[in-house]
Amino acid sequence: MKIIIYNKSDLDWAEQWARQVSPSCRLYLQPEWSKSATVTPLIIEYIKENPQWRFSLQLHKYIHVP
C-alpha cells in the first residue's frame, strides 16, 4: 500500500489504513511532489521510528520522464 504524504496529518491517516491490511502487505510513504522538500525529512524521521514503512519516490519525475 502506498500513501502519498502532503502534510503531517497524512501520517495518522496512513496508520489508520495500515491497520486494515494484511500484516504481509508492504507499506510505502511517498512525498507529494509539490511538497517534497517539506515532507521528505518528515517521512524519513517517521520511518526511522516506524520501520514497517518504506520510502517511495516518483522516480520518473527525477529523471524527467512523463
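All residue numbers in this chain count up from 1 along the given sequence. The basis for the numbers below is simple: all heavy atoms, side chains too, and nothing from hydrogens, waters or symmetry mates.
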### Task
Over all heavy atoms of both residues, which pair between S36 and P41 is shortest? Give the atoms and the distance, please.
O-CD, 4.3 Å
## Note on the structure
Heavy atoms of P31 and I43 approach each other most closely as N-CD1, 3.6 Å
What pairs with [X] under side chain to side chain donor-acceptor pair (under 3.5 Å), at least two apart in sequence or on another chain?
{"X": "T38", "result": "none"}
{"X": "Q16", "result": "none"}
{"X": "N50", "result": "none"}

### Query
Measuring from W13:CH2 to N7:CG, what's the distance to the nearest 0.5 Å?
12.0 Å
### Query
Within a reach of under 6.0 Å around CH2 of W17, are more than 12 heavy atoms found that belong to other residues, nucleotides or ligands?
no
### Query
Any salt bridge (charged side-chain N to carboxylate O under 4.0 Å, His left out) pairs touching residues 1-14, not counting sequence neighbours?
none
Let me check something: any side-chain donor-acceptor pairs from residues 51-59 under 3.5 Å, sequence neighbours excluded? List them with distances.
{"from": "W53", "atom 1": "NE1", "to": "E15", "atom 2": "OE2", "distance (Å)": "2.8"}
{"from": "S56", "atom 1": "OG", "to": "Q30", "atom 2": "OE1", "distance (Å)": "3.1"}

### Results of salt bridge (Lys or Arg N to Asp or Glu O under 4.0 Å) for E45 - residues two or more places apart only
K48
### Task
Only counting residues at least two apart or in another chain, list the ones meeting side chain to side chain contact (heavy atoms under 4.5 Å, CB included) with S34.
Y6, E32
### Task
Please answer: with hydrophobic residues joined when any side-chain heavy atoms are less than 4.5 Å apart, are I5 and L27 in the same cluster?
yes
### Message
Do I3 and L42 sit in one hydrophobic cluster, given that two such residues count as connected whenever their side-chain heavy atoms are within less than 4.5 Å of each other, even indirectly?
### Response
yes
### Query
Is there side-chain contact between L29 and V39, with heavy atoms separated by less than 4.5 Å?
no
